[in-house]
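Only one structure is covered here, and it is reproduced in the block below.
Sequential numbering from 1 along the given sequence is applied to the chain's residues. Whatever order the structure lists ligands and atoms in, that order sets their numbers, starting from 1.
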Amino acid sequence: MQADANYRVVVPAAGSGQRMASGVPKQYLEIGDKTVIEHTLDALLGCTRIQSIVVVVSADDDIWPGIAGRYSGRPLETVIGGEERCHSVLNALAHIAQTADANDWVLVHDAARPCLRPADVDALIDALDGDMTGGLLGVPVADTMKQVSADGRIEQTVSREGLWHALTPQMFRLGLLHAALEKVLSSGRLVTDEAAAMELAGYRPRMIQGHRDNIKITLPADLALAAFYLQARVRA
Ligand code: C5P
């Protein structure tokens with residue numbers, strides 16, 4: 001392990017979660033006795049190698065300040081997000097870059113993924129030890145994949161050979177990721193994850209196998225599934 005490496009975390013939480021069809025953004029829905037984002041932050045704070053966490057929230061978020069109070073004394077800062085996830089992450093990177101070294105690692109993890117296993121964060125950090133580019137957690141695709149046209153009919157079956165779901169955390173060097181995201185956004189493109197920005201900049205991020213229970217809360221049914229996964233861990 002790199003003894004002098006710094007690991008900083010960005011938690012994008014500035015989305016409105018429209019697909020949940022609930023009045024409250026999905027990161028503030030409750031699973032058991034905590035909100036989704038608290039489960040996420042508690043998992044990240046359980047990783048001893050992480051130095052600091054930047055939570056990115058929207059400018060009109062009036063729920064976060066109440067939750068942030070629970071974390072006073074912890075290495076946690078708040079930054080205001082942007083229109084899309086990639087803008088929110090870029091704002092956080094610009095903030096971190098004011099004080100951090102370009103070589104520091106940044107792990108970007110969705111607030112809406114509360115079932116993250118601290119052991120998977122350790123595995124990601126260990127796997128990328130010494131890597132020049134960085135990488136992300138993912139899982140191989142298990143179902144048969146179909147390409148479907150706009151009229152709902154199958155165009156073709158896509159081989160799932162080599163296909164993976166991209167999860168988070170996604171871990172890259174601060175300087176490289178910052179430059180890659182700035183470049184892609186200034187060209188007018190949007191990306192839905194950090195790896196895509198790195199790919200467009202010519203890098204080949206590494207895929208590290210994580211666990212399928214690291215789901216992103218997107219639809220109402222996901223909340224019950226996340227509750228089940230978290231409960232199962234308490235019982236284990
Ligand atoms: O909408 P989606 O599920 O892709 O969002 C993934 C994560 O990015 C969520 O945690 C969400 O809060 C965050 N996000 C953000 N800023 C946006 C949109 C989404 O931080 N403008």
Side-chain angles (χ1 to χ4, degrees), residues 8-31 34-45 50 52-68 71 76-96 106-117 120-121 136-139 164-172 177-178 181-182 184-186 188-198 210 212-227 229-230:
R8 302 168 189 282
V9 171
V10 170
V11 176
S16 56
Q18 280 161 357
R19 282 170 291 182
M20 281 302 285
S22 84
V24 182
K26 56 190 179 180
Q27 61 270 22
Y28 299 130
L29 295 171
E30 286 185 7
I31 302 177
K34 288 192 282 194
T35 57
V36 166
I37 193 169
E38 287 172 278
H39 284 285
T40 304
L41 293 174
D42 291 348
L44 289 164
L45 288 165
I50 287 170
S52 60
I53 301 179
V54 172
V55 179
V56 194
V57 299
S58 71
D60 58 2
D61 186 330
D62 52 8
I63 301 176
W64 170 244
I67 294 176
Y71 294 95
L76 206 122
E77 290 179 282
T78 304
V79 162
I80 299 301
E83 197 168 334
E84 301 289 339
R85 183 184 179 282
C86 47
H87 300 113
S88 296
V89 171
L90 183 61
N91 289 359
L93 297 180
H95 175 78
I96 295 171
V106 175
L107 290 86
V108 182
H109 180 68
D110 293 328
R113 293 187 190 270
C115 303
L116 175 67
R117 302 172 184 221
D120 276 3
V121 179
L136 64 154
L137 288 180
V139 286
W164 288 60
H165 294 278
L167 309 177
T168 69
Q170 303 205 355
M171 174 174 149
F172 297 101
L177 180 59
H178 194 184
L181 256 184
E182 265 185 338
V184 73
L185 293 181
S186 65
R189 292 183 74 155
L190 296 175
V191 283
T192 51
D193 72 351
E194 291 62 53
M198 294 295 285
R212 277 172 207 284
D213 56 8
N214 184 8
I215 58 167
K216 184 170 70 172
I217 307 289
T218 306
L219 302 169
D222 299 329
L223 210 56
L225 189 56
Y229 286 141
L230 290 167

For the [atom1] atom of [X] and the [atom2] atom of [Y], what is their distance to the nearest 0.5 Å?
X	Y	atom1	atom2	result
Leu225	Ile217	CG	CD1	8.0 Å
Gln170	Leu137	CD	CG	8.5 Å
Tyr229	Leu116	OH	CG	14.0 Å

Heavy atom under 4.0 Å from ligand 1: found in [X]'s side chain, backbone, both, or neither?
X	result
His87	neither
Glu84	backbone
Glu83	backbone

Residues two or more places apart in sequence or in another chain: which of them pass side chain to side chain donor-acceptor pair (under 3.5 Å) with His39?
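For His39 there are no side chain to side chain donor-acceptor pair (under 3.5 Å) partners, ignoring immediate neighbours.
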Would you please name every residue forming a side chain to side chain donor-acceptor pair (under 3.5 Å) with Thr35, sequence neighbours left out?
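Side chain to side chain donor-acceptor pair (under 3.5 Å) list for Thr35, sorted by chain: Glu38.
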For ligand 1, find out whether one of its N or O atoms is nearer than 3.5 Å to an N or O atom of Val56.
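No, no N or O pair falls under 3.5 Å.
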Does an N or O from Ala14, backbone or side chain, lie closer than 3.5 Å to an N or O of ligand 1?
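Yes, at least one N or O pair falls under 3.5 Å.
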Return the minimal non-hydrogen interatomic distance between Gln27 and Ala13, and the atom names on each side.
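Where Gln27 meets Ala13 most closely, the heavy atoms are NE2-O, 2.7 Å.
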Smallest separation among heavy atoms of Val9 and Leu44, with atom names:
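Taking Val9 first and Leu44 second, the nearest heavy atoms are CG1-CD1, 3.9 Å.
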Passing option when Arg85 is tested against Thr192, Asp193, Asp110 for side-chain hydrogen bond (donor to acceptor under 3.5 Å, both in side chains):
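Exactly one candidate clears the test, Asp110.
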With atoms numbered from 1 as shown, which atoms in ligand 1 lie under 4.0 angstrom from a non-hydrogen atom of [X]?
X	answer
Lys216	2 (P), 3 (O), 4 (O)
Ala111	10 (O)
Ser88	15 (C), 16 (N), 17 (C), 20 (O), 21 (N)
Ala112	10 (O)

Would Thr218 count as a contact of ligand 1 if the rule is a heavy atom under 4.0 Å away?
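Judged by the 4.0 Å heavy-atom criterion, Thr218 does not count as contacting ligand 1.
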Does the residue Ala13 have a heavy-atom contact with ligand 1, meaning some pair of atoms that are separated by less than 4.0 Å?
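Per 4.0 Å heavy-atom rule, Ala13 contacts ligand 1.
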